[in-house]
Amino acid sequence: MATIDGLPPLREVIRDHELVAKKSLGQNFLLDLNLTARIARSAGDLAGSDVLEIGPGPGGLTRGLLVEGARRVLAVEKDPRCMAALAEIAAAYPGRLEVIEGDALEVDVRAHLTPPIRIAANLPYNVGTELLVRWLTPPEWPPFWQSLTLMFQREVAERIVAKPGTNHYGRLAILAQWRCDAKIVMSLPPEAFTPAPKVHSAVVHLTALPEPRYPADPKVLERVVAAGFNQRRKMLRAALKGVHPRIEALLEEAGIPPTERAERVSIEAFCRLARLVAAA
Ligand code: SAM
């Protein structure tokens, strides 16, 4: 069967390289190249960008990114069994695909990338949130990347884009939306993957804002938000007791009722409170 890039269909690749999916590595593969090309397109204009992909596996999304014109793709994959399949893709796209065999939580990718940089991945569920939090909390802002286009379990995607007053609103929503535009751009049923996971998935697209939406010291904001949501059922004056001895007065000054719960407080109000805590 002809494919969009003339390389063998992914089912053949998986069979020939004996890539039986491993649960321990979060392996749920996308085998439809039209779908991976669509995900690649949702990452924005790739032509002038280096793209960092975490967990290329047999290379479905990698091939989508290359077909859609990524200047270069740097792919970090932990499973050594995938290297031969990825080498075949690299050979078909001379100079455009570099593969690093290693753990994405440990590899330093910066030296291998030239800006502008976009990140795109069907993330392994076991390290997905940790990688996202790292990308959202770099030492300096703007970060080294322009955009993140990431596949998550639907529930995690909803936590990233959640608005105040909804069930999913929490630390992840604030971390993401304080300094990024974040939206769900695609939803996928379990059958889109091989093997099919138990839950639905969604692709989230985040674009880094040039500067935070509201001023605040990132460390103070993180401390206030973490304390607020650690005990999300408690009123803020109780949940934030450890943050500052005069927290009740600071909440009032920030315009937040001290009896309010964290899940109803906007990012703007959290930033106001963080500024007051930092100055007090
Ligand atoms: N991109 C492929 C696709 O869409 O079909 C595979 C996605 S699969 C959900 C996740 C991939 O991440 C697997 O290939 C797995 O081996 C890899 N992986 C798991 N943990 C990793 C880690 N810590 N660092 C790098 N890759 C990892």
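Start at 1 and go down the list; that is how both ligands and their atoms are numbered. From a predicted model like this one, the values you see are computed outputs, not experimental measurements.
- At a cut-off of 3.5 Å, with distance as the only test, no side-chain donor of H205 or S42 sits close to an acceptor on the other residue.
- In summary, the side chains of R63 and T36 do not present any donor paired with an acceptor at a separation below 3.5 Å, with no hydrogens or angles considered.
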Put together the list of close N/O pairs, under 3.5 Å, between ligand 1 and the protein, could you?
from	atom 1	to	atom 2	distance (Å)
ligand 1	1 (N)	G55	O	2.8
ligand 1	1 (N)	P56	O	3.4
ligand 1	4 (O)	N122	ND2	2.8
ligand 1	5 (O)	L30	N	2.8
ligand 1	14 (O)	G57	N	3.4
ligand 1	14 (O)	E77	OE1	2.8
ligand 1	16 (O)	Q27	NE2	2.9
ligand 1	16 (O)	E77	OE2	2.6
ligand 1	23 (N)	D103	OD1	2.9
ligand 1	24 (N)	A104	N	2.9
ligand 1	26 (N)	K78	N	3.4

Stepwise, does the side chain to side chain contact (heavy atoms under 4.5 Å, CB included) test hold for L65 with E53?
CA-CA 9 Å; L65 293 165; E53 183 191 2; 4.1 Å; yes
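- Neither side chain, E263 nor H168, offers a donor N or O lying under 3.5 Å from an acceptor on the other.
- Each of T194, L33, D32 was scored for a side-chain contact (heavy atoms from CB on, under 4.5 Å) with L10, with one residue passing: L33.
- Shown here is R264, whose CZ atom has no more than 12 heavy atoms of other residues, nucleotides or ligands within 6.0 Å.
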